2 protein chains.
Amino acid sequence: MSRTPLHPTREQIELPMVLDCLSDPIRLAIVYQLAQQERVSSELCCGDFYALSGKSNLAYHFAKLRECGLMQTRVAGTNRFMRLRREDLDARFPGLLDAVIKSAARDAERLQLLPACDVVEAG
Amino acid sequence: MSRTPLHPTREQIELPMVLDCLSDPIRLAIVYQLAQQERVSSELCCGDFYALSGKSNLAYHFAKLRECGLMQTRVAGTNRFMRLRREDLDARFPGLLDAVIKSAARDAERLQLLPACDVVEAG
DNA sequence: CCTTATGTTCAACGTTTATTGAACTATCGA
DNA sequence: TCGATAGTTCAATAAACGTTGAACATAAGG
């Protein structure tokens, strides 16, 4: 029972796992939303994603995103704050994350992503 | 029974399907090998990939790569010549294919990819 | 014609996957 | 202490996936 969620080290991040993670529409939407948030506070918690799916299903996808090295979780009280592992990903796979996010943004409607402006609105 | 292998139009190419296709190690190796070949004749046939897996398994992966729009097949005699749909992919997802291939190249050993020099050697 | 070479298709299999709801844990606030 | 809130974990399900070998189709070469 991994109490502390395990994140791979930078060097342990694997390309196929990252691509597989990004290939799921829900996970891609999560990553996209986190990428939008980078400009601001850079962190979001689980509740910010309820529009995408139910709690337990989100927890499943969060775990995948953590395990493959795409995001990081910080525990604070009853909240888990997530953020992209931008530096590690850019170091391992230069240009990849940006290309994916830009491509996703272009297809935002088709992928049913939230428009960028709706993403923040934190309380 | 699709006699002519169906390729999606440029606009039909979907980001999640492309990422999913690239997330399989064998398919990534195929794409990588095709990318190397771009500099030369730009086409390879099935037999050029026997190092990766058996015939029928390769045919399965080729079908996936075609269906998601990553590659194109041209029939010539008993051969099927394949090539990357570079233009379509670059138009739809600028920088993505290059980022993936460059990332794969950096991890060539880990991903068990053929060294670039061994790729050509056509007869 | 018959044989060989190239690939595809099919059926079977075991594995992994995404999704659901219920149960659980842990923290915060009254 | 009690209840509400935030997330995780677990069990169950159906669907999709990758791999295999055998059968099939098609074209080239004798």
Side-chain angles (χ1 to χ4, degrees), chain A residues 1-7 14 16-31 33-34 43-68 70-83 111-112 122-123, chain B residues 1-7 14 16-31 33-34 43-68 70-83 111-112 122-123:
Chain A
M1 244 173 240
S2 60
R3 214 68 298 289
T4 306
L6 45 31
H7 302 92
E14 308 242 23
M17 297 190 76
V18 167
L19 294 174
D20 184 50
C21 239
L22 292 169
S23 75
D24 180 275
I26 290 185
R27 289 193 293 261
L28 183 58
I30 293 171
V31 167
Q33 210 161 317
L34 285 172
E43 285 187 321
L44 288 174
C45 61
C46 308
D48 295 318
F49 300 95
Y50 285 169
L52 297 174
S53 185
K55 272 166 45 149
S56 75
N57 189 227
L58 285 177
Y60 164 75
H61 288 299
F62 292 149
K64 288 237 141 192
L65 286 164
R66 263 185 261 117
E67 282 160 24
C68 85
L70 268 166
M71 75 180 209
Q72 212 165 15
T73 300
R74 179 177 64 87
V75 180
T78 95
N79 291 302
R80 261 80 165 173
F81 288 102
M82 337 251 196
R83 58 187 210 74
L111 299 172
Q112 311 204 57
Chain B
M1 244 173 244
S2 61
R3 216 68 296 293
T4 307
L6 45 31
H7 301 92
E14 307 241 24
M17 297 191 75
V18 167
L19 294 174
D20 184 49
C21 239
L22 293 169
S23 75
D24 181 275
I26 290 186
R27 289 193 294 262
L28 182 58
I30 293 171
V31 166
Q33 210 161 316
L34 286 172
E43 285 185 321
L44 288 175
C45 61
C46 308
D48 295 319
F49 300 95
Y50 285 169
L52 298 174
S53 185
K55 272 167 45 150
S56 74
N57 188 228
L58 285 177
Y60 164 76
H61 288 299
F62 293 150
K64 289 238 139 189
L65 286 163
R66 264 184 260 116
E67 282 159 25
C68 85
L70 268 165
M71 75 179 208
Q72 212 165 15
T73 299
R74 179 176 65 86
V75 181
T78 95
N79 291 302
R80 260 81 164 172
F81 288 101
M82 337 250 195
R83 58 187 209 76
L111 298 171
Q112 309 204 58

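Any value given below was found using the heavy atoms of this structure, including those in side chains, with hydrogens, waters and symmetry copies removed. Letters go in sequence order (proteins before strands), and every chain restarts at 1. Keep in mind that this is a model prediction, so the values were computed, not measured.
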Worksheet item: Is the closest side-chain donor-acceptor distance between A:H61 and A:R27 under 3.5 Å?
Response: yes
Worksheet item: B:F81: what forms a ring-ring contact (aromatic ring centres under 6.0 Å, His included) with it, not counting sequence neighbours?
Response: none
Take the protein atom [atom1] of [X] and the nucleotide atom [atom2] of [N], then report the distance between them rounded to whole Å.
X: A:F81; N: D:dT8; atom1: CZ; atom2: P; value: 12 Å
X: A:I26; N: C:dT17; atom1: CD1; atom2: C1'; value: 12 Å
X: A:Y60; N: C:dT16; atom1: OH; atom2: P; value: 12 Å
X: B:M71; N: C:dG7; atom1: CE; atom2: C1'; value: 12 Å
X: B:L44; N: C:dT6; atom1: CG; atom2: C1'; value: 15 Å
X: B:D24; N: C:dT17; atom1: CG; atom2: P; value: 12 Å
X: B:F62; N: D:dT19; atom1: CZ; atom2: C1'; value: 15 Å
X: A:R74; N: C:dT27; atom1: CZ; atom2: C1'; value: 15 Å

Fill in: For B:E43, all residues meeting side-chain hydrogen bond (donor to acceptor under 3.5 Å, both in side chains), sequence neighbours excluded
B:R74
Worksheet, complete the sentence: Residues passing the side-chain hydrogen bond (donor to acceptor under 3.5 Å, both in side chains) test with A:R83, sequence neighbours excluded, are none
Return a table of donor-acceptor pairs under 3.5 angstrom between the side chains of residues 52-60 of chain A and protein atoms on other chains or two or more places apart.
| unit_1 | atom_1 | unit_2 | atom_2 | d |
| --- | --- | --- | --- | --- |
| A:S53 | OG | A:N57 | OD1 | 2.8 |

Discussion item. Ignoring hydrogens, what is the shortest heavy-atom contact between B:Q33 and B:D48? Give both atom names and the distance.
Written reply: NE2-O, 3.0 Å
Worksheet item: If you look at every heavy atom in A:C68 and A:V18, which pair is closest and at what distance?
Response: O-CG2, 3.7 Å
Item to complete: Look at the side chain of B:S56 and decide which nucleotide, out of C:dT9, C:dT20, D:dT19, has an atom nearest to it.
Response: C:dT9
Worksheet item: So which nucleotide from D:dT8, C:dA18, C:dT9 ends up closest to the side chain of A:N57?
Response: C:dA18
Response to the item:
Between A:D20 and A:L58, whichever has its closest DNA chain C nucleotide further toward 5' is A:D20
Shorter than 3.5 Å, N or O on both sides, protein versus nucleotides 4-6 of chain D: list them out with atom names.
| unit_1 | atom_1 | unit_2 | atom_2 | d |
| --- | --- | --- | --- | --- |
| D:dA6 | O4' | A:T78 | OG1 | 2.8 |
| D:dA6 | O3' | A:T78 | O | 3.3 |
| D:dA6 | O3' | A:N79 | OD1 | 3.1 |

Item to complete: Considering just the side-chain nitrogens and oxygens of B:H61, establish if one lies under 4.0 Å of OP1 or OP2 belonging to D:dC17.
Response: no
Discussion item. Can you see if the side chain of A:R66 gets near the phosphate of D:dT8 - specifically, an N or O under 4.0 Å from OP1 or OP2?
Written reply: yes
Fill in: Residues which pass side chain to side chain contact (heavy atoms under 4.5 Å, CB included) with A:E67, listed by chain and number, not counting sequence neighbours
A:L6, A:A63
Using atom names, set out every protein N or O paired with an N or O of nucleotides 11-16 of chain D below 3.5 Å, distance rounded to 0.1 Å.
none

Worksheet item: A:C45 versus A:R80: any side-chain heavy-atom pair under 4.5 Å?
Response: no
